[in-house]
Amino acid sequence: MTGESESEGHAAWVRPHMDWSSIERARARLAGPAPETPASIGGVEITRLGREFYGWWLWARGPRIMPGPEDVNPRPLVELLPYIRYMSWEENDRLVFRIYGSALAAATGIDLTGTDTFGDDLVYPGKKEDKARLRLLHSHPCGLLMLRELTPPSGKPVLCEFMTLPIAPGKDGKDRIIGTITARGPIAETEADFKLSAPLTLRRATFFDIGHGVPDAPHLTV
């Protein structure tokens, strides 16, 4: 990355967002009271960041099934944006990153903005099922919580939380999804260095109710 060397680690401007205390302090800046969010989903305790993100989504949705693209506004999301991925379904069944947060880009060593989430260069067991799970967020409106192990240089896997929710199509008719990724517990900034390569061990995948029940898809639940 520009402005850093291998010995220096992550670029100075992104380091504060990689610090665990900063992740724990990140809040959605809502204009009004925050909606109540569950402390756990499917028996899994949600991280503070995940709850803040879910609270924003509920607030942005209002009385609708889901928020629209016009609701993905940097102002309430500014503290959460480093950890957010925002994608749209494009032609040829591609799921393309529109936003890939700075902390995510620093942790994975690559800015995925503009790339296909399920491109041919990423091969791992369960890829087909991952794509099917994300498709269900619109075909049966629901949320998705996943716990996946990523491996830093130390070789000791770190359990990470993937919280994902649907966004309604815009004028272009394209379905969108938005979500956060964060470690499930404290991790040193120097260890926040994950490469998106196998194994990407899935420990939990559960759909959750956003007002329309959950899909009958036991083959996609772990």
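Residue indices begin at 1 and follow the sequence shown. FYI, side chains are in, hydrogens and waters are out, and symmetry mates aren't considered; it's all heavy atoms of this structure.
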So, does Trp57 use its side chain to make a donor-acceptor pair with the main chain of Pro166 at under 3.5 Å?
-> yes

Among the clusters formed by ILVMFWY side chains lying less than 4.5 Å apart, do Ile177 and Phe97 turn up in the same one?
-> yes

Closest heavy-atom contact between Ile167 and Pro69?
-> CG2-N, 3.7 Å

Which pair of non-hydrogen atoms, one from Pro33 and one from Trp59, has the smallest distance, and what is that distance?
-> O-CD1, 4.3 Å

Validation: residues 210-222 side-chain donor-acceptor distances under 3.5 Å, sequence neighbours left out:
unit_1: Thr221; atom_1: OG1; unit_2: Ala217; atom_2: O; d: 3.3

Side-chain (Arg204) to main-chain (Gly42) donor-acceptor, under 3.5 angstrom = yes

Any idea which heavy atoms bring Glu36 and Leu58 closest together, and the distance?
-> O-CD1, 3.8 Å

Within-4.5 Å side-chain heavy-atom neighbours: Pro67 and Val72 | no

State whether the side chain of Asp116 and the backbone N or O of Leu95 hold a donor-acceptor pair below 3.5 Å, judged by distance alone.
-> yes

Roughly how far apart are Leu122 CG and Thr117 OG1, rounded to 0.5 Å?
-> 9.5 Å

All side chain to side chain contact (heavy atoms under 4.5 Å, CB included) counterparts of Pro169, not counting sequence neighbours = Asp175

Determine whether more than 12 heavy atoms belonging to other residues, nucleotides or ligands lie under 6.0 Å from atom CD of Glu24.
-> yes

Side chain to side chain contact (heavy atoms under 4.5 Å, CB included) partners for Thr47, two or more places apart | Leu49, Glu161, Thr182, Arg184

Less than 4.5 Å apart, any side-chain heavy atom of Glu79 and any of Arg25?
-> no

Report the distance from atom CZ of Arg133 to atom CG of Leu202, rounding to the nearest 0.5 Å.
-> 5.5 Å

Roughly how far apart are Leu137 CG and Cys142 SG, rounded to 0.5 Å?
-> 5.0 Å

Sole candidate of Arg98, Lys174, Arg94 that passes side-chain hydrogen bond (donor to acceptor under 3.5 Å, both in side chains) when paired with Ser88 | Arg98

Would you give the length of the straight line joining atom OG1 of Thr201 to atom CZ of Arg148, rounded to the nearest 0.5 angstrom?
-> 8.5 Å

May I ask you to decide if Ile46's main-chain N or O and Arg51's side chain share a donor-acceptor pair within less than 3.5 Å?
-> no

For the student: nearest non-hydrogen atoms of Pro76 and Trp56, plus distance = CG-NE1, 3.9 Å

Ile23, Leu147: one ILVMFWY side-chain cluster at the under-4.5 Å cut-off?
-> yes

Does a side-chain heavy-atom distance below 4.5 Å link Ile41 with Val44?
-> no

Enter the distance from Leu77:CG to Leu30:CG here, rounded to the nearest 0.5 Å.
-> 8.5 Å

Are any non-hydrogen side-chain atoms of Asp130 and Met146 less than 4.5 angstrom apart?
-> yes

In terms of hydrophobic clustering (I, L, V, M, F, W, Y; side-chain heavy atoms under 4.5 Å; direct or indirect links), are Leu159 and Met163 co-clustered?
-> yes

What are the two closest non-hydrogen atoms of Tyr54 and Asp209, and how far apart are they?
-> OH-O, 3.8 Å

Apply side chain to side chain contact (heavy atoms under 4.5 Å, CB included) to Lys127 and list each qualifying residue two or more places apart in sequence or on a separate chain.
-> Phe118, Tyr124

Can you find a heavy atom in the side chain of Leu150 that is under 4.5 Å from one in the side chain of Leu200?
-> yes

Using side chain to side chain contact (heavy atoms under 4.5 Å, CB included) as the criterion, list what pairs up with Thr113, not counting sequence neighbours.
-> Tyr100, Asp111

Rounded to the nearest 0.5 Å, what's the gap from CG on Leu144 to CZ on Phe208? Could you check?
-> 7.5 Å

Results of ring pair (Phe, Tyr, Trp, His ring centres under 6.0 Å) for Tyr86 - residues two or more places apart only = none

Are side-chain heavy atoms of Arg29 and Val78 found at a separation under 4.5 Å?
-> yes

Salt-bridged, Arg48 to Glu52, with N to O below 4.0 Å?
-> yes

